[in-house]
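Notes to accompany the following structure.
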Amino acid sequence: MQRFHVTTFGCQMNVHDSERIKGMLEAAGMGEAPDSEQANVLVFNTCTIRERADDRLIQALNVARGRKEREPDLQIVVAGCWAESVRDDIFRDFPWVDAAVGPGRIGALRDVMNADATSERGAFGSFDDFAADLPKRRERSHQAWLQLSMGCNSVCSYCIVPSVRGRERSRNVREILAEANQLASEGVTEVVLLGQNVNSYGRDLAPDARCTFAELLRAIDAIDGIDRIRFMSPHPKDMRGDVIAAMAESPSVCNQLHLPLQSGSSRILKRMRRTYDSERYLELVARVREAMPDVALTTDIIVGFPGETEEDFQETLRVYDEAAFDHAYTFIYSARNGTEAAGFDEQLPDDLKHERLGRLVDLVQDHAARRNTALIGSIQEVLSEGPSRKDPEICRGKTRGNKTTLFTPAAPVGTVVSVRIEDSTSQTLRGQVVSAVTV
Ligand code: 5AD
Ligand code: SF4
């Protein structure tokens with residue numbers, strides 16, 4: 001029997017696509033190998049958003065090449081954004097790769113894997129199929145991704161996504177709600193709504209089928225059984241009053257928001273083509289906090305964008321302080337081929353970028369520790385993810401604010417418990433179960 005192993009790089013969208021890739025391979029009669037060593041089909045689902053992603057992937061492909069020299073029957077398949085960005089060159093530059101698909105062509109995976117001398121080993125360029133419509137294999141029984149849209153219409157000057165994932169296409173609302181109902185009937189209690197720009201959902205739908213992101217949040221909230229709704233990633237420009245109201249008024253929508261800031265300097269934001277400035281961003285944060293006082297707010301920040309001065313960076317630190325984020329993903333700017341910013345003068349030296357990143361990370365940790373300390377003494381509703389990695393007696397789970405919480409006594413995976421928080425670090429909360437809420 002053919003046994004596959006999928007390695008996933010990149011964002012949640014890729015994690016979601018990998019579930020579809022596994023589902024398709026299983027539907028084709030293959031089984032998943034317990035590890036890559038025992039697989040005879042290696043699939044790499046790739047990302048190209050930052051240089052580091054490219055480096056890690058090329059390393060992994062080189063390891064696979066070594067194995068293929070010893071085991072010529074090994075099949076090597078590359079899917080995802082990096083595959084799209086290099087397209088057919090992949091077969092010239094990495095001749096040991098057997099087949100490749102871009103993120104819009106996952107449905108063609110079996111065809112390219114079975115290609116012979118007369119058919120194509122690569123499928124790229126079209127963005128017609130929603131991976132959501134393909135068979136799937138969920139990793140967790142109580143949690144699921146729900147794809148709302150594909151692609152992105154923004155033109156952020158640093159970002160490769162629009163060129164590898166195409167323009168935004170929203171999925172039909174009836175299909176989304178049918179999938180959400182189906183998930184609920186299978187016992188899923190938490191859904192994470194996915195889109196490259198999730199809250200511009202619906203703008204491209206025909207007038208008779210139109211539905212806004214806010215309306216969709218309310219419709220999913222109304223589904224029995226779905227108790228936690230999260231979404232990622234929204235764009236600040238589309239975070240309007242109706243979305244904030246729908247979040248605040250829908251009991252199932254979690255008190256959590258990931259709202260990418262990217263930079264605190266209005267001058268840099270303009271060069272990034274983010275279409276908001278730092279003042280508007282902070283006003284937005286104030287409105288969100290007013291509607292949801294206990295919201296946990298996280299963000300993405302890029303340091304070292306071309307031309308970023310010390311003053312610009314200070315602005316990022318100032319805005320970070322004022323927004324008082326719970327956490328942040330911090331990135332060092334890396335030039336991506338074909339993006340506008342890759343052509344900007346004033347690319348910064350690596351040591352300066354690293355030095356700024358270090359200062360930002362210190363501030364991120366400081367706020368994270370403070371925000372978590374403020375939760376000591378509170379009771380949090382925690383969804384159990386089972387025993388912690390280090391100690392089977394201790395369970396781990398997530399609060400509605402998406403904070404990792406370690407607690408005792410243990411509760412089965414998928415159960416919701418009330419936990420009194422007794423201790424915290426910048427990364428985790430710790431506490432005792434005071435009562436089981438539901439099973
Ligand atoms: N360099 C560094 N970080 C980037 N991101 C996107 N493109 C780049 C780039 N060229 C970051 C952004 C985005 C996150 C997913 O990755 O912060 O929100
Ligand atoms: Fe996700 Fe963007 Fe990376 Fe593609 S390039 S995997 S969309 S983060």
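Atoms within each ligand, like the ligands themselves, are counted from 1 in listed order.
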At a 4.0 Å threshold, what atoms of ligand 1 neighbour a non-hydrogen atom of Q262?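 Taking each heavy atom of Q262 in turn, ligand 1 has 12 (C), 13 (C), 17 (O), 18 (O) under 4.0 Å.
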Does any N or O in the side chain of N14 come within less than 3.5 Å of the main-chain N or O of G10, such that one atom is a donor and the other an acceptor?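 Not confirmed, N14 side chain does not pair with G10 backbone.
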Verify the distance test for C47 against atom 4 (Fe) of ligand 2: any N/O/S atom under 2.8 Å, yes or no.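 False for C47.
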I would like to know whether F124 and W82 meet ring-ring contact (aromatic ring centres under 6.0 Å, His included); could you show each step before the answer? CA-CA 11 Å; F124 309 100; W82 178 82; over 10 Å; no
Would you please determine whether T339 falls within less than 4.0 Å of ligand 1 on a heavy-atom basis?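 T339 does not count as a contact of ligand 1 under the 4.0 Å cut-off.
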Under 3.5 Å, N or O to N or O, is R336 touching ligand 1 that way?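 No, there is no polar N/O contact under 3.5 Å.
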Please say whether D300 places an N or O atom under 3.5 Å from an N or O atom belonging to ligand 1.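 Looking only at distances, the answer is yes, because the N/O contact criterion of under 3.5 Å is met.
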Heavy atom under 4.0 Å from ligand 1: found in [X]'s side chain, backbone, both, or neither?
X    : result
I49  : both
V161 : neither
F331 : side chain

Hey, what do you get for CZ (F213) to CG (N199), rounding to the nearest 0.5 Å?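 Here the interatomic distance stands at 6.0 Å.
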State whether the number of non-hydrogen atoms from other residues, nucleotides or ligands found under 6.0 Å of E279 atom CD is greater than 12.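 Check fails, neighbour count at 12 or below.
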Pick from E179, E190, E186, E19: which one makes a salt bridge (Lys or Arg N to Asp or Glu O under 4.0 Å) with R138?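 Single pass found, and it is E186.
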So which protein heavy atom does [atom] come closest to, and at what separation?
atom                    : answer
atom 6 (S) of ligand 2  : N14 ND2, 3.2 Å
atom 2 (Fe) of ligand 2 : V161 CG2, 3.1 Å
atom 4 (Fe) of ligand 2 : C81 SG, 2.2 Å

Is ligand 2 less than 4.0 angstrom away from at least one heavy atom of Q12?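 Contact absent.
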Would you please determine whether M13 falls within less than 4.0 Å of ligand 2 on a heavy-atom basis?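 Per 4.0 Å heavy-atom rule, M13 does not contact ligand 2.
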Criterion side-chain contact (heavy atoms from CB on, under 4.5 Å) on L109 and L25, from CA distance to verdict: CA-CA 9 Å; L109 192 70; L25 297 180; 3.9 Å; yes
Atoms of ligand 2 close to C11 [distance to a heavy atom under 4.0 angstrom, numbered from 1]: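 Within the 4.0 Å cut-off of C11, ligand 2 contributes 1 (Fe), 6 (S), 7 (S), 8 (S).
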Full working for salt bridge (charged side-chain N to carboxylate O under 4.0 Å, His left out) between E84 and R87: CA-CA 5 Å; E84 182 70 40; R87 301 177 70 125; 3.2 Å; yes
